[in-house]
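In what follows, residues are counted from 1 in the order of the sequence shown. All heavy atoms count here, side chains included; hydrogens, waters and symmetry mates do not.
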Amino acid sequence: MFTRNRAPQKRLAQEPHFFSYGTLERHTADLNCGRVRYLRHGAGTPLLLVHGVPTSARLWEPLLGHLGAHYDCIVPDLLGLGCSEPASDGTDVASPGQADMLAQLLDALGVDQCFAVFHDQGGAHGMEMLRRHGARIDKVVFTNCVCYDNWPVPLIDMSAVMARSGALPWLAKLRLMQWTLRLALPMTITRGPFPAALREDWFRALDVGGPALEYWQRYVTAQSARYTQEAVQVLRAWDKPAHVLWAADDRFLPPSWAAYLAKDLVGSEANPELLPFAGHFWQIEVPESGAAALHRFFSTAH
């Protein structure tokens, strides 16, 4: 009836990565909202893949070989994160501005309609995209994303406080912020070590400082849970195919949130699909299984 609190997943290996981190070249699109850097790979129906914080487009890189066999994968760095640069101090980098950026990027690439997947804080931007540009999304997946009032998570909330106080540049220069994040990153996965190349990409703004760090600070201070709370009515009115895919061992956003989201997201099944023995950044751990789950939904949902 009872077992000891063991963690057998610690002995499981990560699935092979089709592409190692840094394999694909970032492209550049100069938009009204700023200079957006993005990855693009594959052919077929356009598929927009959106990351969160403190991540970048490279979070999705291990999946792109598998997904690229079926889809034209478009994977941007959000404004203020990765290598994307907002146009000015007045450029909105909160969820409405990010949703508009995604639509502008699709325009620049000549894409009218697409499928979409939103992860982490990208989920808030995705819900705003459903509100503002929902006609352009034919099928949507939300995966281990913020929703309702469950964000910002404490670590990102702390980063925003440090940014507002003016302490973040000093903490970054002393590498104390990087040290804090580095301690937290292993908690986001359950299998194997955290990839050093990915960590370097995500910490770029903290390491180089200057405008890149200013953009990063603008991003973390601009976010608010009010966008996901206001989006509930949008989710309940969504009538196109939708799916909730969730890593079962997410310590930051446990599967109970997925159950709430699947219940409210009209067009999805009542229960979310779980990826077992994987953490918040499941893309690192189970890229083959995750890509297969996404393709299964996109290829069969009507």
With ring-ring contact (aromatic ring centres under 6.0 Å, His included) as the rule and sequence neighbours excluded, what pairs involving [range] come up?
range: residues 11-35; result: H17-Y21, F18-H66, F19-H41, H27-Y38
range: residues 88-115; result: F115-F298
range: residues 184-209; result: F194-W202, W202-F281
range: residues 213-246; result: H125-Y219, H243-F297

For V232, side-chain contact (heavy atoms from CB on, under 4.5 Å) partners two or more places apart:
Y148, R236, D264
Please enumerate all residues that pass side-chain contact (heavy atoms from CB on, under 4.5 Å) together with A124, with sequence neighbours excluded.
S95, V146, W151, T228
Does anything in [range] form a salt bridge (Lys or Arg N to Asp or Glu O under 4.0 Å)? List the pairs, not counting sequence neighbours.
range: residues 281-291; answer: none
range: residues 62-83; answer: R26-D77, R40-D72
range: residues 136-151; answer: D107-R136

H295 meets the ring pair (Phe, Tyr, Trp, His ring centres under 6.0 Å) criterion, sequence neighbours left out, with H70, Y71
Set of residues satisfying ring pair (Phe, Tyr, Trp, His ring centres under 6.0 Å) with respect to W257, sequence neighbours excluded
none
For residues 157-177, the side-chain hydrogen bond (donor to acceptor under 3.5 Å, both in side chains) pairs (sequence neighbours left out) are R175-D207
